[in-house]
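Hydrogens, waters and symmetry mates play no part in the numbers below; they use all other heavy atoms, side chains included. Since we're looking at a predicted model, the values are computed, not measured.
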Amino acid sequence: MASTLTGLNARGSRWYLNIVIPPDLREVYGRRAVNLALGTSDRREATTRGTMKRAEWLAEFAAKRRELKPLPLSVITPELAQELALRVRARVLRQDDALRDDATILAPFTDAVKTAEHRWRTALCIGGPTPFTPPLRDTSPGAGLSDEDAETLAGLNALLDARAGADLAKRRRAAVLPLVRFEALKLGIAFDPSGEGAQEALAVCLLAYRKARQEAAHRDAGEAIETPLVPLASQRVATLAKTKARTLRDVYDKWKVSGDKARSADSLAVYDRALKQFEGQHEGLALVDITREIGDTYRTWLRESCNTTKTARDRLTNIKSLLKFAHETLEWIPKQPWRGLDIKTTTTNKRRPWTTDELATLFAAPLHTAHALPEARYGGREAAYWIPLLGLFTGTRLGELCQLRTVDVQKVEGIDVLVLTNEGEGQSIKSDAGHRSVPIHSELVRLGFLKYVETVKTSRSNSLWPALPLREGKPSDYFGRWFKEHRNALGLTGTRPDFHCFRHTVRPLMRKAGHSEGTMDKVTGHKTVGSIGTVVYDHRTLSEVQEAVEAIRYPALALGAHLHF
């Protein structure tokens, strides 16, 4: 599946990724964009690496925004105080690591001290002080510090250790405040020293600072002191601050119980799958950190990862719907950041009419020639016989047929019809256009459909198919599974034709008989499109609709009269 990663560009044979710095962060970075080398000449590999790089930069942008707009806290919890103390200690030891790893940092200080010592020793000599020539240093990898630089570092650590000890002894908590504020900003938190728990946190951090200074000094004596690792800020701030950032999962939890009618189980499952897929790429991402850049990157990932463009588009649309709900209904975010992002789809397996040979195979089975009703529960006994025939002569949707009640077979204006509605318990119609009365084809009457209806009424069954189980929210699901298995058993394998293809079979027959699109829509339940006059004022009588239904003929198909009734 072809896809394009935003910013992917080539220089010669090598691929690069151009990342545009968001306008609100350009002053921080001092540039408008960066062009990163991806280290490959293979486009597919470049797309994979670029997607990962883009995700890293988007995460960094989110972290920068947290630093620029830190979260104010009314309470500093003991857990957060310990986290800040850990980060203070780690920062001191990381700085010490940097001084020991890079001799060029200490060299100016060492040379300045040695120059001053040399000038002092030679000041009284005849001719005055002589110039000091700094020694050459070994800067090769792994060379470490020279004796002079190590001495300078030891002196610096001893001084800082002494000062930290004095601050701890005199309870000078303010001495560590700048470092604590710096680390809090990395967590996206504004540290207020006057807030509840702040002074206690500073005391813990001062103790950690003093310990780190001691450890740095101990390193000068050769003691093995490891620098502690700290977790990523994005993984810690929500739990430590006890101010859990809202996520798309929180939006989903609100969405699934909203609205006048309960969400169907299928709808909930579809959105949950899309959300879990998004969470797999952006675990723990706060709702406010979901930017348009993240949406663009996720769109590229979906194109690469989903089997079809339709699946990719559906998943993207589900997430966009949750973001819209968060903005318009919950007002948790100031705007829907992914508005306008889309994925173009291509139909890979279009529905088509049933062929004459396929219909002959389907209706030549013992089910329709010998009334051999299926034992499989999902077949629904008599439903297995009549529902395919109803689809063949009306083009009605499978769900509409499965939910039919005995009272839905009526005589209107002297014409026997199926009344398709959502008024019955558990009934649903796809759209307003789906509410309609469809005349019953004379071939169905000849085959005994009306006699079957009277038999069911006598049994006092409310459902027209007493033996057919219906799945809540999707009445066609169980029968649809059975029909697929039945069709496959007859050698009609593959994804097409399916039951819905009956709808594509009846329309051409009505069209060839000269009936208008509007009349055909009255049969199949499609929404009529066209001018206001066509939609509003072009009313069709039931007899006109009956003429269109009777135009559905299959001369090559032999359907014997059913003598069971």
Side-chain angles (χ1 to χ4, degrees), residues 1-8 42-52 54-55 248 252 255 263-283 285 290 292-325 336-355 358 397-399 430-431 471 473-474 476-485 487-488 492-505 507 524 526-527:
M1 182 177 8
S3 64
T4 301
L5 173 64
T6 300
L8 191 65
D42 181 81
R43 184 187 180 97
R44 191 175 187 85
E45 179 66 20
T47 299
T48 301
R49 294 183 184 182
T51 300
M52 295 175 61
R54 191 170 180 82
L248 266 182
Y252 171 79
W255 170 83
R263 308 279 184 187
S264 69
D266 287 335
S267 179
L268 293 175
V270 165
Y271 274 76
D272 186 54
R273 280 196 299 270
L275 182 53
K276 285 179 178 176
Q277 193 173 45
F278 177 78
E279 291 170 334
Q281 294 298 303
H282 299 283
E283 183 179 1
L285 182 66
I290 300 178
R292 193 169 187 82
E293 292 89 349
I294 287 177
D296 184 56
T297 299
Y298 189 61
R299 175 173 60 173
T300 298
W301 183 86
L302 284 172
R303 289 189 185 120
E304 287 288 331
S305 304
C306 295
N307 292 329
T308 66
T309 52
K310 182 182 183 304
T311 300
R313 184 181 187 181
D314 289 345
R315 297 290 167 83
L316 181 67
T317 299
N318 294 148
I319 302 301
K320 286 170 58 180
S321 296
L322 291 177
L323 289 171
K324 181 179 179 181
F325 182 76
Q336 200 283 70
W338 292 10
R339 183 177 181 181
L341 291 180
D342 201 359
I343 295 176
K344 292 183 178 179
T345 61
T346 55
T347 303
T348 56
N349 197 359
K350 294 182 179 180
R351 284 192 169 97
R352 59 169 177 80
W354 286 73
T355 66
E358 289 167 342
R397 297 178 181 92
L398 180 57
K430 186 174 182 180
S431 64
R471 177 181 167 188
K474 194 174 183 180
S476 66
D477 184 63
Y478 297 146
F479 187 86
R481 297 185 203 179
W482 171 85
F483 185 78
K484 181 179 179 180
E485 293 176 359
R487 183 202 64 181
N488 290 343
L492 302 173
T493 57
T495 56
R496 300 290 183 266
D498 58 8
F499 195 95
H500 193 86
C501 289
F502 284 132
R503 293 172 64 76
H504 295 263
T505 305
R507 287 187 75 94
T524 60
H526 284 114
K527 181 179 180 181

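Pairing each heavy atom of C306 with each of Q277, the nearest pair is SG-NE2, 4.3 Å. Minimum heavy-atom separation, N488 to T493: OD1-CA, 3.5 Å. For the residue pair R54 and T6, the shortest heavy atom distance occurs at NH1-O, 3.7 Å. Scanning both residues, L5 and T47, for their nearest heavy atoms gives CD2-O, 3.8 Å. Annotation for T309 and K344: closest pair CB-O, 3.7 Å, computed over non-hydrogen atoms. Here the closest non-hydrogen pair linking D266 and K474 is OD2-CD, 3.1 Å.
Note that CG of L322 is 11.0 Å distant from OG1 of T317, once rounded to the nearest 0.5 Å. Rounding to the nearest 0.5 angstrom, the gap separating the CG atom in D498 from the CG atom in L398 is 9.5 Å. Considering CG of L341 and CZ of R292, their distance stands at 4.0 Å, rounded to 0.5 Å. Of the inter-residue distances, the one linking I319 atom CD1 with I290 atom CD1 reads 8.0 Å to the nearest 0.5 angstrom. We find the CD-OG distance between Q281 and S305 to be 6.5 Å, quoted to the nearest 0.5 Å. Note that the NZ atom of K324 and the CZ atom of R339 stand 8.0 Å from one another [nearest 0.5 Å].
Side chain of R313 to backbone of T308: no donor-acceptor contact under 3.5 angstrom is found. Within the 3.5 Å criterion, the main-chain N or O of A274 finds no donor-acceptor partner in the side chain of R315. T505 places a side-chain N or O within 3.5 Å of a backbone atom of W354 that can act as its donor or acceptor partner. R503 places a side-chain N or O within 3.5 Å of a backbone atom of T524 that can act as its donor or acceptor partner. The closest donor-acceptor contact from the side chain of R471 to the backbone of S476 lies at 3.5 Å or more, if one exists at all. For the pair W301 (side chain) and D296 (backbone), a donor-acceptor distance under 3.5 Å is absent.
Two rings, from Y298 and F278, have their centers less than 6.0 Å apart.
Under the 4.5 Å side-chain criterion, counting only non-hydrogen atoms from C-beta, R263 is in contact with W255.
Looking at residues two or more places apart in sequence or on another chain, you find a salt bridge (charged side-chain N to carboxylate O under 4.0 Å, His left out) between E358 and R352.
Remark: K310 engages D314 in a salt bridge, criterion side-chain N to carboxylate O under 4.0 Å.
Relative orientation of the F483 and F499 rings is perpendicular, given thresholds of 30° and 60° on the angle between their planes.
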Should L248 and L285 be marked as a side-chain contact (heavy atoms from CB on, under 4.5 Å) after you check the CA-CA gap, both sets of side-chain angles, and the distance that decides it? CA-CA 8 Å; L248 266 182; L285 182 66; over 6 Å; no
Given K484 and R481, is the side-chain contact (heavy atoms from CB on, under 4.5 Å) satisfied, shown in steps? CA-CA 5 Å; K484 181 179 179 180; R481 297 185 203 179; 5.9 Å; no
